[in-house]
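Just so you know, ligand 1 is whichever comes first in the structure, and atom 1 is the first atom listed for that ligand.
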Amino acid sequence: MEPEKTPTKKFDQIKETATVSWKLLKLVWQVDRWLFIGSATASILPAIIPFINFYIYKLIIDLVVAVVSQGVPIDFNRLYLLIGLRVVTYFVLDVTFRTQELMERLFWTKVPIYLNEKIFQKTVNLDIQYFEDSKFKDLLEKVRDSVSWRPQQLVSYLFMGAQSLVQVIIAFIAIANLNPFLVLLIASVAVPEFINQTQQSKLSWGIWERNSPFRKKFWYLSGLLQHAWTIKEVKIFRLAKKFLDEIRSIQEKFYLDNAKLAKRNYGLNLIFNALSTAVFIGFEIFVIFEALARRITIGDVNFYTGVVSNFQSGLGGLFRNMTGVFENSLYIKSMFDILEARPKVVQAENPQKLTLRRTPLVEFRDVTFAYPDSKQKILKNFSLTINPGEKIALVGENGAGKSTVIKLLVRFYDVQEGGIFIDGINLKDLDLEDWYRHVGVLFQDFNKYEHTVTENIGFGKAFEEVNVGEVIRAATSAGAHPMIQKLDQGYQQMLGKTFEGGVDLSIGQWQKIALARAFLRNAPVLVLDEPTASIDAKAESEIFNRVERLSHDKTVIIISHRFSTVRNADKIYVIDNGKIVESGSHSDLMKVDGQYATLFKLQAKGYQ
Ligand SMILES: Nc1ncnc2c1ncn2[C@@H]1O[C@H](COP(=O)(O)OP(=O)(O)OP(=O)(O)O)[C@@H](O)[C@H]1O
Ligand SMILES: [Mg+2]
C-alpha cells in the first residue's frame, strides 16, 4: 500500500532536499574552497554572457540599419568596438567553459577521495551491531555504489540550477521592461508546466521507491548467479531457471511501471510543449508588430527573440536541474545517515587499563542479553567465572548462545543486565583498545585475507613488528607449517583467487592459517570459536597438544561441537536456553550423566 501523501509530507521532502543539499555544499566547500568558488562562478557566468552578447548584436544591427535605410554616415570606430566586444564575449565564454571543465575535473577527483576517507573512518569506528543490521547494510550498499558520482551530480545540478535561475531572472527583467503583461502571459504557461514537472518527478520517484524491495531482490538474485561461492549449488540443484524467471518478472514489472508513466507523461508534455510554442510565436508576432509601429528597433526584435528563447531554455533547465537535485539528494541522504551514525557502544570517560601482560580474571555476572530490536533473551542471568590460566570449553546446541558470549566478551554489544568484569573492572569502564591487546579471537566466521601467507598470519599482531621466526612458530602450532611449505611460494604465497598468482586453499587449510593468526597474537586470553570444525582428526589432536604446552599461563576459551576438542578442557560448561546447565571436567560431567554425557555417548557411538 502506498502511504498517503499529505501536503506536509511534500513540504518535508522539499525541506529534506534543501537540508541535504546544504550539508553537501558545506562538506565539499571544506575540500577546496578555491575550486568550489571557481566552479560556482564558472557555472553562473554562462547565464549572463549570452544576454550581453545579444545586446551587443542588437547595437550592431541598429547601427547597420541606420546606415542602410536612413543614410546615416557609418561610425567605423563604434562598429569595430562592438565587433571587438562581441569577440571578447565569445572568448570569455569559451574560457569559462574550459575553465569550468578543468575546475570540475580537479574538484571532483578530490571530493570522492575525501568522502571515501571520511566514510571509511566512520565505518571502522562503528560497532559490529551496525554491520549485523540489515537496514544499515542497505545504506552501505547504496552509498558504496554512488559515493563516487552522486555528490558531483547533485552539486552540478545545483550549480546548473543556479545558472538557469539567473538566466530566467535576467530574461524576466528584460521582458518586463518591454511589456509587463508579457510576463504574465509567459507565467500563465510556465506555472502549470512547473506543476506538471514536479508531479512527474514525484511519480517517477514513487516508482523508484515502490520498487526498492524488488531492486534489492534483483541484486541479490544476480549475485547468486555470479559468485563462485553460490554458483556451484545453483548449477547442481538446477536453480538457474527458477532464479532467471524471478529476475525476469522483476524486470518486467519495472518496465511496465515505467512504460505507464512514460505514456502518461508523453501526452501531458506534448500539450505543454504546444502551449509554450504558441506563446513563443505569439511573442515573436508581438515584437514584429512593435517594430512595425516603430516602438522598438530591428535590433530589439533580434534581442528579444533571443531573450525569450533563453527564458524558455532557462525554465526548462530549472525544472530538469531541480529534478536532478531532488533525485540525487535521496542518495546523498543515505551518505549523511552513515556519516552521522553514532557508535552505540561508548567508551567510558576515563577508561581504565589492565596491568599489561598479566592473565586477567574474567567474570560474567548475572548477564541478561537480547540482540537490539529483538525481544528474545539469548542469555538469562548468565554467570561464569574464568580464572587466569584456565582452559574452558563451552558446548551447547546450535543457537544456544555460545558465539554471543564471545561477542559480549569483546563488547561488540552491551549487556542489558548484569555485567562482564575483567580483573574486577566492568568491561564498560575498560579501555577497549587496551582490552583488545589482551584477547585473541578466532571467530567462527574467520576472515580469509587475500594476502600472502605471512601477511595472513602477521595480521594477528598488526600493532607490532612481526619477525619470520614468530610467523613460522605460530604456523607450526596451528599445524599449518607442512602445508605452507608445499605451496609454490611458501610463506610468500599469495592466497585467494582475486589477485594474480593467488592460490585458493581448502577450508581446513584456511582454518589452520586463521588459527596461526590467533596464536601469533600471543594474547593472555585466547578465544577459539569452532577452531577445528574443518580440521582433520590427526591435525586436531596435534594442535591441542601444542596449545596445552604453549599456553600454560594463558586463559583459553574453546567453543566446539567436537568432544575430542572439548574433553581436554579444565572445565566444560553446557549452555542451554541462555543458561549454564552443567559444568565440570569431562570426567565430572560423565559421572553426572546429564546432557553432556548423553551427547558425548551419542557422538562416541557414531565411531564404534
Ligand atoms: N546479530 C544477531 N541479531 C539477532 N539475533 C542474533 C544475532 N546473532 C545471533 N542471533 C541469535 O542468537 C541466538 C544465539 O546465536 P549464537 O550465534 O550465539 O549461537 P551459537 O551457540 O554460537 O550457535 P552455533 O553452534 O550454531 O554456532 C540464535 O538464536 C541467533 O538466531
Ligand atoms: Mg556459534
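- For R248 and D245, the salt-bridge test passes: some basic side-chain N is under 4.0 Å from an acidic carboxylate O.
- Nearest protein heavy-atom neighbour of atom 1 (N) of ligand 1: E132 OE1, 2.8 Å.
- Considering only non-hydrogen protein atoms, atom 9 (C) of ligand 1 sits nearest to Y371 CE1, 3.4 Å.
- With contacts defined as side-chain heavy-atom distances shorter than 4.5 Å, the pair M335/L24 qualifies.
- In this structure, the ring of F499 has its center no less than 6.0 angstrom from the ring center of H451.
- Residue contact check for ligand 1: A400 places a non-hydrogen atom closer than 4.0 Å to it.
- The Mg ion (ligand 2) lies under 2.8 Å from an N, O or S atom belonging to Q444.
- Put simply, the side chain of N456 gets close to the backbone of Y449: a donor and an acceptor are under 3.5 Å apart.
- With a heavy-atom cut-off of 4.0 Å, K407 touches ligand 1 through its side chain alone.
- Residue H561 places a heavy atom under 4.0 Å from ligand 1.
- Between the side chains of Q153 and Y331, no donor N or O sits under 3.5 Å from an acceptor N or O.
- For the Mg ion (ligand 2), the set of nearby N, O or S atoms under 2.8 Å includes one belonging to S403.
- Set against the non-hydrogen atoms of N398, the atoms of ligand 1 under 4.0 Å away are 23 (O), 24 (P), 25 (O), 26 (O).
- The side-chain heavy atoms of L221 and I250, taken from C-beta on, include a pair separated by under 4.5 Å.
- More than 12 heavy atoms of other residues, nucleotides or ligands shown are found within 6.0 angstrom of CD on Q416.
- Close placement of the Y413 and F369 rings is indicated, their centers lying within 6.0 Å of each other.
- Taking every non-hydrogen atom of Y413 and a distance limit under 4.0 Å, the qualifying atoms of ligand 1 come out as 1 (N).
- Ionic pairing of D593 and K601 is present here: one or more N-O contacts between side-chain nitrogen and carboxylate oxygen are shorter than 4.0 angstrom.
- For atom 23 (O) of ligand 1, the nearest non-hydrogen atom of the protein is G399 N, 2.8 Å.
- With a 4.0 Å heavy-atom cut-off, ligand 1 is reached by the backbone of T404 and by its side chain too.
- Distances from ligand 1 to the non-hydrogen atoms of G396 include no value under 4.0 Å.
- Only the side chain of Q444 comes within 4.0 Å of ligand 1, judged by heavy-atom distances.
- Using modelled atom types and a 3.5 Å distance limit, the side chains of T359 and D553 yield no donor-acceptor pair.
- Of the protein's heavy atoms, S403 CB, 3.6 Å lies nearest to atom 17 (O) of ligand 1.
- The residue among K402, E530, Q129 with a heavy atom at the shortest distance from atom 21 (O) of ligand 1 is K402.
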